[in-house]
Asks: 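Let me give you the structure first, and then I'll get to my questions.
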Amino acid sequence: MKILIATGGSSHSEKALRMGAELIRCVDETPVVLTVARRKQDQPLAEAALQRARFLLADVPCDIETRLRHGRPVEQIIAEAKEGSYGLIILGERQTHTLKARLLGSVALQVVERAACPVLLAKGEIRPIRRILLCDSGAVVPSLLSRFTAQLADTLLGEEHITVLHVMSQITAWPGVPDEDLQASAEELIEERTPEGEWLASGLEVLSHPGIHAVAKVRHGAVVDEILAESQENDYDLVVIGAHRDAGWQRVLLADIARELIKHLERPVLVVR
Amino acid sequence: MHDPPNVEVVANEDRALPAWRRLAATTRRLWGRIHWGKIALFIVSLFLFILALTLMKDGARGLAPLVRDSFRVTNPVNSLGFGWLFAYVVMSGSPVAAAALTFFDAGVINQLETFTMITGSRMGASFIVLFIGFIYVLRGRNRVTSLSMGLTSLTVTWTTYLAGLVVGVIILQTGMLDGVQLQTGAVLSSVVDRIFDPIAGFLASFLPGWALFIVGMGIILASFNLFDRCLPDMAIKESQVGRVSRLVYRPWVMFLLGAGVTTISMSVSVSLGILVPLSNRGFIRRENVIPYIMGANITTFVDTLLAAVLLDNPAAFTVVLTEMMSIAVVSLVILALFYQRFERNSLRLVAAITASNRNLAVFMVVLFVTPIILLLL
């Protein structure tokens with residue numbers, strides 16, 4: 001799998017480089033570090049950013065390729081990812097409070113929305129990835145877990161603790177509807193063979209590799225709030241979520257939960273397509 | 001297993017027919033699908049609705065001493081509590097809202113008191129789903145799951161209506177909606193008067209005014225009951241509208257859905273009931289419910305608006321329109337500016353109330369004591 005690390009030389013970008021250093025160890029292909037100079041006069045800064053990247057990645061046991069492109073960062077990162085057929089983009093997220101950023105989203109958010117491959121946002125504390133929280137709604141086929149393992153199996157060392165989280169935010173639409181499932185734990189749902197239990201069980205089966213310790217977990221409450229609470233309470237190194245729908249009526253009608261999570265999660269987030 | 005080929009054969013045969021015969025066949029098919037029984041029920045319920053309004057309008061004046069002296073409804077706060085308690089008694093908001101309009105038409109209460117009484121009727125009516133859930137809890141069902149929908153509905157309704165009270169009072173006092181009117185027109189008024197005045201006159205010949213109002217109230221309850229039965233079959237399957245129980249929709253989508261469904265059903269509780277067949281297991285996501293209720297809370301006034309038009313009272317029409325506009329403004333501000341915070345706090349409140357029997361008991365006491373205090377103020 002080919003990895004693209006985007007850097008702008010800021011402290012946020014350094015997080016992306018440190019995160020990249022963790023993952024580069026697991027892949028065969030030469031990773032590429034990209035920086036984008038908006039204007040000609042930004043070139044020295046861009047070159048300095050690449051220099052800094054080479055320094056930070058000096059310890060990784062493989063060659064690093066660096067590239068400099070000119071133009072708008074979002075367009076250039078997407079173009080590079082497309083032309084180079086990358087399997088993963090890693091970048092940091094700078095919190096900007098301008099009106100434009102509020103309306104359109106940060107550069108990182110725009111890359112997440114437009115990239116064709118998974119995007120890893122390096123935020124919060126960067127640590128070796130040992131504890132992973134995988135948030136699956138179960139409503140999309142193929143499941144997030146299948147997509148994660150199919151696209152990013154190379155990045156796993158094979159000794160991670162993975163929690164497969166499903167949030168049941170449902171309530172009964174009317175009093176009197178049979179409601180036993182609404183308070184059930186993951187184990188109970190699996191035992192009862194409810195729809196949630198069925199795919200949680202199949203998810204655990206997908207992850208049943210030696211060394212990987214996978215558990216299923218169900219939380220009850222609003223989806224975004226419960227994922228944020230779970231990530232904080234159990235100190236995960238990485239949170240894996242699905243991207244918002246790419247096209248069709250669902251893109252317009254469904255809530256962009258990925259955007260909300262990216263905005264509020266204070267730890268590395270991997271957005272899988 | 002043989003259905004699809006048969007359907008294709010029939011479709012092919014249809015295509016072979018001349019256009020006029022195809023049109024005739026389509027018309028016959030559509031004709032066959034019309035539920036004449038439901039249409040008849042709708043006509044009967046509309047007839048009863050207008051008759052009830054006529055009787056309540058004629059009888060309301062006779063209730064003035066009861067309302068003003070016995071119940072002491074002398075200011076907008078009293079009428080808020082009065083409408084609220086009245087909705088508890090009849091277990092519905094729409095008849096109380098209609099009663100408020102007839103009181104206003106008869107000069108028993110003023111415009112502001114009518115506005116707050118209608119608001120009170122909705123606040124009281126939002127208790128119905130909670131009450132049904134409470135009965136299930138008493139029968140031994142899980143407290144949290146049985147009461148979630150009722151409490152969510154009640155929390156959203158109370159919050160938006162309390163904020164809507166402020167907006168509504170400003171709209172009424174500035175008179176900004178006074179120019180917007182929809183009236184029955186002379187012909188319709190004359191037809192309605194010719195049909196219903198003799199019936200009302202006949203009943204008035206042997207019943208006192210207050211009894212006329214009570215009879216009207218009974219008839220309006222019956223008309224709403226009949227109307228619920230003549231609603232089109234809403235048993236839409238989950239697959240036909242997307243997985244409403246599993247996916248989280250954008251708030252404005254559910255807001256428009258709630259408003260649309262309630263425009264037809266005219267009742268928030270009926271609209272909530274319609275959500276059950278929309279999901280395989282009768283579940284609905286919390287995130288989807290809140291904006292749905294917000295939308296439903298606006299269009300639930302469609303029947304009250306109709307009542308205002310039938311009363312042919314422009315000021316009454318303004319009151320109902322103000323009610324709808326104020327709730328719409330509050331809901332849209334919430335949706336546009338701080339929906340996530342609103343949703344989070346509403347759900348937190350629901351969770352806190354159902355956290356223990358003590359909390360629930362305190363909340364139930366508040367539910368009953370608050371309107372009584374408002375009435376006594």
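Chain identifiers are assigned alphabetically (A, B, ...) following the order of the sequence lines, protein sequences preceding nucleic acid strands; residue numbering begins at 1 within each chain. In what follows, every heavy atom counts, from backbone to side chain, and hydrogens, waters and symmetry copies are set aside.
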Asks: Please name the pair of heavy atoms, one in Trp252(B) and one in Val252(A), separated by the smallest distance, quoted to 0.1 Å.
Replies: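 Looking at all heavy atoms of both residues, the shortest contact is CZ2-O, 3.9 Å.
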Asks: I need the residue from Asp179(A), Ile171(A), Val177(A) with the largest number of non-hydrogen atom pairs under 4.5 Å to chain B.
Replies: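 Answer, by heavy-atom pair count under 4.5 Å with chain B: Ile171(A).
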Asks: Would you say the side-chain atoms of Thr172(A) pair up with the backbone N or O of Phe283(B), donor to acceptor, closer than 3.5 Å?
Replies: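 The answer is no, because no donor-acceptor pair under 3.5 Å joins these two groups.
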Asks: Do you know which of Arg139(B), Glu287(B), Gln340(B) has the most heavy-atom pairs with chain A at a distance under 4.5 angstrom?
Replies: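 Looking at each option in turn, the highest pair count goes to Glu287(B).
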Asks: Does atom CZ of Phe131(B) have more than 12 heavy-atom neighbours from other groups under 6.0 Å away?
Replies: no
Asks: If I measure from the heavy atoms of chain B, does Glu260(A) come under 4.5 Å with its side chain, its backbone, both, or neither?
Replies: side chain
Asks: Could you tell me whether the side chain of Arg141(B) and the main chain of Pro175(A) form a donor-acceptor pair under 3.5 Å?
Replies: no
Asks: What are the two closest heavy atoms between Asn142(B) and Gln183(A), and how far apart are they?
Replies: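 Shortest heavy-atom separation between Asn142(B) and Gln183(A) comes out as ND2-CG, 4.0 Å.
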Asks: Given the rule in the side-chain contact (heavy atoms from CB on, under 4.5 Å) test, do Asp225(A) and Arg344(B) qualify, once you have shown the distances and angles that lead to the verdict?
Replies: CA-CA 8 Å; Asp225(A) 292 353; Arg344(B) 197 164 292 145; 2.9 Å; yes
Asks: If you draw a 6.0 Å radius around CD in Glu198(A), do more than 12 non-hydrogen atoms from other residues or ligands fall strictly inside?
Replies: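 Yes, the 6.0 Å shell around CD holds more than 12 heavy atoms from other groups.
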Asks: With chain B as the partner, which of Ser169(A), Ala222(A), Gly221(A) has the greatest number of non-hydrogen pairs under 4.5 Å?
Replies: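 Of the candidates given, the most pairs with chain B belong to Ser169(A).
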Asks: For the interface with chain B, which of Met168(A), Glu196(A), His220(A) has the highest count of heavy-atom pairs at distances below 4.5 Å?
Replies: Glu196(A)
Asks: Between Val137(B) and chain A, which part of the residue has a heavy atom less than 4.5 Å away: side chain, backbone, both or neither?
Replies: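 Contact with chain A is absent: no heavy atom of Val137(B) under 4.5 Å.
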Asks: Tell me, side chain or backbone of Ile132(B) under 4.5 Å from chain A's heavy atoms, or both, or neither?
Replies: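 Interface part for Ile132(B): both.
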Asks: Using a cut-off of 6.0 Å, state whether more than 12 heavy atoms not belonging to Glu205(A) lie near its atom CD.
Replies: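 No.
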Asks: Given that the side chain runs from C-beta out, which part of Ser153(B) has a heavy atom under 4.5 Å from chain A: side chain, backbone, both or neither?
Replies: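 Neither part; nothing is under 4.5 Å.
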Asks: Just by modelled atom types, is the Arg286(B) backbone N or O under 3.5 Å from a matching donor or acceptor in the Gln170(A) side chain?
Replies: no
